[in-house]
Asker: 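I have a structure here, written as structure tokens, and I will follow up with some questions on it.
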Amino acid sequence: MRREPVLLVIAHGSRDPRHAATVHALVRRVRSLRPGLRVETGFLDFAVPSVQGVLESLAAEGVRDVVALPLLLTRAFHAKADIPAVLRDAPPQLRIRQAEVLGPSPLLLSALERRLYEAGLSPADRSSTGVVLASAGSTDPEAIAVIADIAREWWHTGWCAVRPAFASASLPRTEDAVRELRELGCSTVAVAPYVLAPGFLPDRIARGAAGADVLAEVLGPAPEVARVLLERYDAARVPRLTAIGA
């Protein structure tokens with residue numbers, strides 16, 4: 001029987017140890033949902049193992065097929081440039097297919113709502129609550145447009161209002177979006193970090209949420225996020241002509 005490709009989850013990495021701990025917790029969740037699937041983790045920077053190191057180890061073991069999944073919510077610079085560059089330097093005997101980034105996905109909206117409800121909101125609060133969809137930010141116009149689209153889509157599910165905000169590179173900042181929702185007349189203002197793991201930029205989001213009533217946790221190892229990873233893996237594991245190293 002032909003083995004399934006190894007799933008290699010590629011995380012950005014951070015000097016903050018909470019980042020790697022959260023990534024590993026998410027990977028454990030993925031493994032629990034798909035017993036028997038081999039899932040490895042590699043980091044682009046700041047943490048070990050490195051992506052290159054994992055790829056070399058897999059090749060040395062005789063692995064041939066790998067699905068490389070960027071642990072990213074938007075298709076920005078890392079997904080378009082950094083990760084493809086690392087994969088091009090992989091051992092030549094590996095057949096690697098790069099999966100799509102995680103977002104956008106209805107499951108991620110469900111995960112955002114899970115975090116808001118865990119932070120104290122209830123479904124009955126939707127019509128009176130304004131939500132700040134706070135992301136890390138990017139200089140990539142495509143990534144910024146995706147965040148704005150998600151905010152509009154989420155607003156149509158019944159929230160008082162939803163405003164995008166960014167911790168870096170783009171405007172508005174979280175605190176500005178919180179202020180706007182207050183001025184709009186929302187009875188409650190909540191901040192939903194659209195980030196996967198703790199770190200420098202999520203901490204900046206948290207500081208910007210000081211004027212809000214509710215601050216949700218990062219998405220982390222939410223079951224919905226794990227399910228998105230498996231969806232992206234399943235979509236990528238069918239061989240394609242664009243496979244890297246094929």
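These numbers were taken from a predicted model, which means no experiment stands behind them.
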Asker: Apply salt bridge (Lys or Arg N to Asp or Glu O under 4.0 Å) to Glu175 and list each qualifying residue two or more places apart in sequence or on a separate chain.
Answerer: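 Testing Glu175 for salt bridge (Lys or Arg N to Asp or Glu O under 4.0 Å), a comparison that skips the adjacent residues, returns none.
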Asker: Just jot down the side chain to side chain donor-acceptor pair (under 3.5 Å) partners of Glu183, sequence neighbours excluded, or say none.
Answerer: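 Residues passing side chain to side chain donor-acceptor pair (under 3.5 Å) with Glu183: none at all.
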Asker: With a 4.5 Å cut-off on side-chain heavy-atom distances among I, L, V, M, F, W and Y, is there a chain of contacts connecting Val101 to Ile96?
Answerer: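 Linked within one cluster.
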Asker: With a 4.0 Å cut-off, would you call Arg38 and Glu4 a salt bridge?
Answerer: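 Here Arg38 does not pair with Glu4 in a salt bridge, since their nearest N and O are not under 4.0 Å apart.
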Asker: Is the closest basic N to carboxylate O distance between Arg173 and Asp176 below 4.0 Å?
Answerer: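 Salt bridge between Arg173 and Asp176, a charged N being under 4.0 Å from a carboxylate O: no.
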Asker: Would you confirm whether Ser170, through its side chain, and Gly137, through its main-chain N or O, come within 3.5 Å as a donor-acceptor pair?
Answerer: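 Here the side-chain-to-backbone pair does not exist.
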Asker: Linking Ile, Leu, Val, Met, Phe, Trp and Tyr through side-chain heavy atoms less than 4.5 Å apart, which residues share a cluster with Leu215?
Answerer: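 Joined to Leu215, directly or through intermediates: Val132, Val178, Leu181, Leu184, Val189, Val191, Val195, Ile205, Val218.
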Asker: Heavy atoms only: give me the nearest Ala226-Leu26 pair and the separation to one decimal.
Answerer: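 Minimum heavy-atom separation between Ala226 and Leu26: N-CD1, 3.9 Å.
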Asker: Taking only residues two or more places apart in sequence or in another chain, which ones pass side chain to side chain donor-acceptor pair (under 3.5 Å) with Glu231?
Answerer: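 Once residues adjacent in sequence are excluded, Glu231 has no partner under the side chain to side chain donor-acceptor pair (under 3.5 Å) criterion.
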Asker: Among residues at least two apart in sequence or on other chains, which ones pass side chain to side chain donor-acceptor pair (under 3.5 Å) with Arg75?
Answerer: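 By the side chain to side chain donor-acceptor pair (under 3.5 Å) rule, Arg75 matches no residue at all.
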Asker: So among Val228, Leu229, Val9, which one has a side chain to side chain contact (heavy atoms under 4.5 Å, CB included) with Val30?
Answerer: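 Output: one option passes, namely Leu229.
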Asker: If Ile, Leu, Val, Met, Phe, Trp and Tyr residues are connected whenever their side-chain heavy atoms lie under 4.5 Å apart, and connections chain through other members, are Leu112 and Leu116 in the same group?
Answerer: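 Linked within one cluster.
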Asker: Rounded to the nearest 0.5 Å, what separation is found between the CG atom of Asp65 and the CZ atom of Arg97?
Answerer: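 So the CG of Asp65 and the CZ of Arg97 are separated by 5.5 Å.
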Asker: Can you list the steps and then say if Glu40 with Val6 is a side-chain contact (heavy atoms from CB on, under 4.5 Å)?
Answerer: CA-CA 7 Å; Glu40 299 291 342; Val6 171; 4.1 Å; yes
Asker: Over 60° means perpendicular and under 30° means parallel, so tell me whether Trp154 and Trp159 are parallel, tilted or perpendicular.
Answerer: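 Rings of Trp154 and Trp159: perpendicular, as their planes differ by over 60°.
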Asker: Ignoring hydrogens, what is the shortest heavy-atom contact between Ala177 and Ala165? Give both atom names and the distance.
Answerer: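 Nearest heavy atoms, Ala177 then Ala165: CB-CB, 4.0 Å.
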Asker: Side chains of Ile147 and Phe166, heavy atoms from C-beta outward: is any pair under 4.5 Å?
Answerer: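 In contact.
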Asker: Please identify each residue that fulfils salt bridge (Lys or Arg N to Asp or Glu O under 4.0 Å) with Asp45, with sequence neighbours left out.
Answerer: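 Per chain and number, Asp45 pairs via salt bridge (Lys or Arg N to Asp or Glu O under 4.0 Å) with no residue.
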Asker: Any side-chain heavy-atom pair from Thr74 and Ser135 closer than 4.5 angstrom?
Answerer: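 No; the side chains remain at least 4.5 Å from each other.
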Asker: Do Thr129 and Ser187 have side-chain heavy atoms sitting under 4.5 Å apart?
Answerer: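 No, every pair of side-chain atoms sits at 4.5 Å or beyond.
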Asker: With heavy-atom distances below 4.5 Å as the criterion, would you say the side chains of Glu113 and Arg126 are in contact?
Answerer: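 A side-chain contact under 4.5 Å exists here.
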Asker: Quick one: do Leu102 and Leu37 end up in the same hydrophobic cluster if we chain Ile, Leu, Val, Met, Phe, Trp and Tyr together by side-chain heavy atoms under 4.5 Å apart?
Answerer: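 The answer is yes; both residues are in one hydrophobic cluster.
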Asker: Could you walk me through whether Asp125 and Ser122 pass the side-chain hydrogen bond (donor to acceptor under 3.5 Å, both in side chains) check?
Answerer: CA-CA 5 Å; Asp125 298 319; Ser122 74; 3.2 Å; yes
Asker: The criterion is salt bridge (Lys or Arg N to Asp or Glu O under 4.0 Å); which residues satisfy it with Arg163, sequence neighbours excluded?
Answerer: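 Arg163: salt bridge (Lys or Arg N to Asp or Glu O under 4.0 Å) contacts with Glu180.
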Asker: To the nearest 0.5 Å, what is the distance between CZ on Arg29 and CD on Glu224?
Answerer: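 Result: 8.5 Å between the selected atoms.
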Asker: Nearest 0.5 Å, please: how far is CG in Leu72 from CD in Glu100?
Answerer: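 Output value for this atom pair is 11.5 Å.
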Asker: Any sub-3.5 Å donor-acceptor pair from Arg31's side-chain atoms to Val39's backbone N or O?
Answerer: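 Yes; at least one donor-acceptor contact below 3.5 Å.
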Asker: Are Arg115 and Glu118 within salt-bridge range, i.e. N to O under 4.0 Å?
Answerer: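 Between Glu118 and Arg115 there is a salt bridge, with a charged N closer than 4.0 Å to a carboxylate O.
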Asker: Hey, mind stepping through Phe46 and His19 against side-chain contact (heavy atoms from CB on, under 4.5 Å) and telling me if it holds?
Answerer: CA-CA 10 Å; Phe46 303 121; His19 176 90; over 6 Å; no
Asker: Do the side chains of Asp149 and Pro104 get nearer than 4.5 Å, heavy atoms only?
Answerer: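 No, side chains not in contact.
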Asker: For residues 195-220, pull every pair meeting side chain to side chain donor-acceptor pair (under 3.5 Å), keeping only residues two or more places apart or in separate chains.
Answerer: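 Sorted result for residues 195-220: Arg18-Asp203, Arg182-Asp213.
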Asker: From the options Val54, Leu71, Thr41, Val51, select the one residue that forms a side chain to side chain contact (heavy atoms under 4.5 Å, CB included) with Ile10.
Answerer: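 Only one option passes, and that is Val51.
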Asker: Please check this pair: side chain of Ser168 against backbone of Ala136, looking for a donor-acceptor N/O pair closer than 3.5 Å.
Answerer: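 Yes; at least one donor-acceptor contact below 3.5 Å.
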Asker: Check whether any side-chain heavy atom of Tyr194 sits under 4.5 Å from a side-chain heavy atom of Leu219, and report yes or no.
Answerer: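 The answer is yes, as the side chains (C-beta and beyond) meet within the 4.5 Å cut-off.
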Asker: Search all heavy atoms of Ala81 against all heavy atoms of Pro84 and return the closest pair with its distance.
Answerer: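 Closest approach of Ala81 to Pro84: O-CD, 3.4 Å.
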Asker: For Arg232, which residues count as a salt bridge (Lys or Arg N to Asp or Glu O under 4.0 Å) partner, sequence neighbours excluded?
Answerer: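 None.
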Asker: Taking atom CG of Leu73 and atom OG of Ser105, what is their separation to the nearest 0.5 Å?
Answerer: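 If we round to the nearest 0.5 Å, Leu73:CG and Ser105:OG are 10.5 Å apart.
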Asker: Report the C-alpha distance between Gln98 and Ile83 in whole Å, list the side-chain angles of each, state the deciding distance to 0.1 Å, and finish with yes or no for side-chain contact (heavy atoms from CB on, under 4.5 Å).
Answerer: CA-CA 9 Å; Gln98 182 176 331; Ile83 292 175; 3.8 Å; yes
Asker: According to side chain to side chain donor-acceptor pair (under 3.5 Å), who are the partners of Glu153, at least two apart in sequence or on a separate chain?
Answerer: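 By the side chain to side chain donor-acceptor pair (under 3.5 Å) rule, Glu153 matches no residue at all.
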Asker: Check Ala216 against Ala119 and note the closest heavy-atom contact, atom names and distance.
Answerer: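 Where Ala216 meets Ala119 most closely, the heavy atoms are CA-CB, 4.0 Å.
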Asker: Among pairs that include at least one residue of residues 49-60, which meet side chain to side chain donor-acceptor pair (under 3.5 Å), considering only residues two or more places apart or in two chains?
Answerer: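 Qualifying pairs: Gln52-Glu56.
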Asker: Are Tyr233 and Val225 connected in a single hydrophobic cluster, I mean Ile/Leu/Val/Met/Phe/Trp/Tyr linked by side-chain heavy atoms less than 4.5 Å apart?
Answerer: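 Same cluster.
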Asker: Return the minimal non-hydrogen interatomic distance between Thr22 and Pro221, and the atom names on each side.
Answerer: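 In this case the closest contact between Thr22 and Pro221 is CG2-CD, 4.1 Å.
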Asker: Quick one, Ile150 and Leu108 - any side-chain contact, counting heavy atoms below 4.5 Å?
Answerer: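 Sidechains of Leu108 and Ile150: no contact.
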Asker: Remaining members of Phe200's ILVMFWY cluster at a side-chain heavy-atom cut-off under 4.5 Å?
Answerer: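 Same cluster as Phe200: Leu201.
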Asker: From His12 NE2 over to Leu44 CG, what is the distance, rounded to the nearest 0.5 angstrom?
Answerer: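 Between His12 NE2 and Leu44 CG, I get 6.5 Å after rounding to 0.5 Å.
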Asker: Please report the C-alpha distance between Val214 and Val131 in whole Å, then the side-chain angles of each, then the deciding distance to 0.1 Å, and finally whether the side-chain contact (heavy atoms from CB on, under 4.5 Å) criterion is met.
Answerer: CA-CA 9 Å; Val214 174; Val131 180; over 6 Å; no
Asker: For the hydrophobic clusters of this structure (ILVMFWY residues joined by side-chain heavy atoms under 4.5 Å, transitively), does one cluster hold both Val48 and Val27?
Answerer: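 Result: no, two separate clusters.
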Asker: Ignoring hydrogens, what is the shortest heavy-atom contact between Leu133 and Ala151? Give both atom names and the distance.
Answerer: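 Residues Leu133 and Ala151, closest heavy atoms: CD2-N, 3.9 Å.
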